[in-house]
Student: 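Would you mind keeping the following structure in view while I ask a few things?
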Amino acid sequence: MSSVPLPTALSPSRAADFLQCPLLFRFRTIDRIPEAPSAAATRGTLVHACLERLYELPAETRTARTAVALVTPQWDRLRAKRPELEEMFADDAERDTWLESARDLVRRYFDLENPTALEPREREMALKVALPTGLNLRGYVDRLDVAPSGQIRVVDYKTGKSPHPRFEDKAKFQVYFYAVMIWRDLGVVPTRLQLVYLGGEGAVRWYDPTEDELRAVETEITDIWARIEAAGRTGEWAPRRSKLCGWCDHQAICPEFGGTPPPLPTAPTA
């Protein structure tokens, strides 16, 4: 039995946290230490919301102009739910520049796909699936396209730049994680996994997975969970220093930077 309250399901983002740094996983998932809003992450949330709403419109009206017009109302909805997001900006001018950068990403989407020709089966599709091992997985798929022939395409929007192939493992793992969930939920191997990168010049990358590949990823996910359970039993959530530490909110309590983590919470006893 774990001595700390582990999550009841594993998501692609939390699995990625553990691979990046087990201590980051602990801070986010077990300690649940609040993090300051990130302008980049919030822009990603905003752009995702605009692309989700775009497909609520009739196909013939899905133009770049109508999509860009969604940015301001979606921002208004977002900040109404989370007023603290306004604290990201020093003044109105900085906020307006940030909003324009979101509009640029929405415009670039139209260089990469033709939304007038698409009718997604699902948008922001919530999945919760139990693997044969009993491990529960959860996540949200940005878009699921199903052809008349039954072929499935999983689409994941990325608001960053397309990485060099040597550094695409994180995004590839995430979209394959989704593919495992869909395979186990629907009993069908997705035909295509598509990453749509809106940053930089924009790019689309895709993979056509096989059942053997999904079994291998499922084994990797199960192994990650076993390592998380082991850390939960021992209380050893080792920090892993990398270039990504520069964007971490928790340096002040990280041993790699001279800090001391708070005491671990304990799971309630029966």
Side-chain angles (χ1 to χ4, degrees), residues 12-13 16 19-20 37-57 59-75 78 85 88-89 93-120 123-125 139-145 147 152-179 190-209 242-247:
S13 55
L19 292 175
Q20 177 183 324
S38 157
T42 304
R43 181 171 51 222
T45 300
L46 175 58
V47 171
H48 276 71
C50 292
L51 295 181
E52 180 186 3
R53 297 293 181 273
L54 177 67
Y55 282 100
E56 294 177 354
L57 303 175
E60 65 274 13
T61 67
R62 296 175 197 154
T63 65
R65 183 175 180 178
T66 57
V68 168
L70 293 169
V71 171
T72 297
Q74 290 305 314
W75 166 239
L78 193 57
L85 294 178
M88 295 187 300
F89 311 110
E94 184 176 328
R95 182 200 59 215
D96 291 345
T97 298
W98 177 85
L99 283 171
E100 189 58 32
S101 71
R103 294 186 186 99
D104 287 341
L105 295 175
V106 171
R107 290 187 189 98
R108 191 166 296 115
Y109 172 68
F110 287 79
D111 296 332
L112 305 172
E113 289 194 303
N114 176 12
T116 65
L118 298 170
E119 289 298 340
R123 294 166 290 109
E124 287 297 310
M125 178 184 179
Y140 287 87
V141 174
D142 290 341
R143 200 180 85 218
L144 193 73
D145 299 336
I152 293 174
R153 176 170 60 185
V154 180
V155 180
D156 192 30
Y157 304 125
K158 299 293 185 186
T159 49
K161 296 179 182 179
S162 173
H164 186 280
R166 286 189 302 154
F167 303 110
E168 69 180 4
D169 287 351
K170 183 176 179 180
K172 184 178 179 181
F173 173 72
Q174 184 178 34
V175 77
Y176 267 83
F177 195 117
Y178 294 138
T191 305
R192 175 150 293 183
L193 312 177
Q194 184 166 299
L195 295 168
V196 179
Y197 288 96
L198 303 174
E201 298 300 314
V204 177
R205 291 191 183 173
W206 59 83
Y207 313 95
D208 296 338
S242 73
K243 294 179 179 179
L244 297 174
C245 291
W247 287 272

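Model, not experiment: these values are computed from the prediction. As a basis for the values below, the full set of heavy atoms in this structure was taken, side chains included, without hydrogen atoms, waters or symmetry mates.
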Student: Give me the atom names and distance for the closest heavy-atom approach of Asp142 to Asp156.
Tutor: OD2-OD1, 2.7 Å
Student: Can you check whether Arg143 reaches Leu51 side chain to side chain, under 4.5 Å on heavy atoms?
Tutor: no
Student: To check you understand the geometry: which heavy-atom pair defines the closest contact between Arg205 and Ser162, and what is its length?
Tutor: NH2-OG, 3.0 Å
Student: Which class fits the ring pair Trp98 and Phe89: parallel under 30°, tilted 30 to 60°, perpendicular over 60°?
Tutor: tilted
Student: Please check this pair: side chain of Arg108 against backbone of Gly200, looking for a donor-acceptor N/O pair closer than 3.5 Å.
Tutor: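 Yes.
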Student: When you look at Leu198 and Leu112, which way does the side-chain contact (heavy atoms from CB on, under 4.5 Å) test go after all the steps?
Tutor: CA-CA 8 Å; Leu198 303 174; Leu112 305 172; 3.9 Å; yes
Student: side-chain contact (heavy atoms from CB on, under 4.5 Å) with Gln20: which residues, sequence neighbours excluded?
Tutor: Leu24, Lys170, Leu244
Student: Out of curiosity, Trp75 CH2 to Thr42 OG1, how far, rounded to the nearest 0.5 Å?
Tutor: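 The OG1 atom of Thr42 is 7.0 Å from CH2 of Trp75, to the nearest 0.5 Å.
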Student: Checking side chain to side chain contact (heavy atoms under 4.5 Å, CB included) against Thr45, which of Leu85, Leu78, Thr159 comes through?
Tutor: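 The option that passes is Leu78.
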Student: Who pairs with Ala64 by side-chain contact (heavy atoms from CB on, under 4.5 Å), at least two apart in sequence or on another chain?
Tutor: Phe110
Student: Pick out which of Glu124, Met125, Arg153 makes a side chain to side chain contact (heavy atoms under 4.5 Å, CB included) with Leu144.
Tutor: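 It is Met125; the other options fail the test.
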Student: Can Leu193 and Tyr176 be said to form a side-chain contact (heavy atoms from CB on, under 4.5 Å), step by step?
Tutor: CA-CA 7 Å; Leu193 312 177; Tyr176 267 83; 3.7 Å; yes
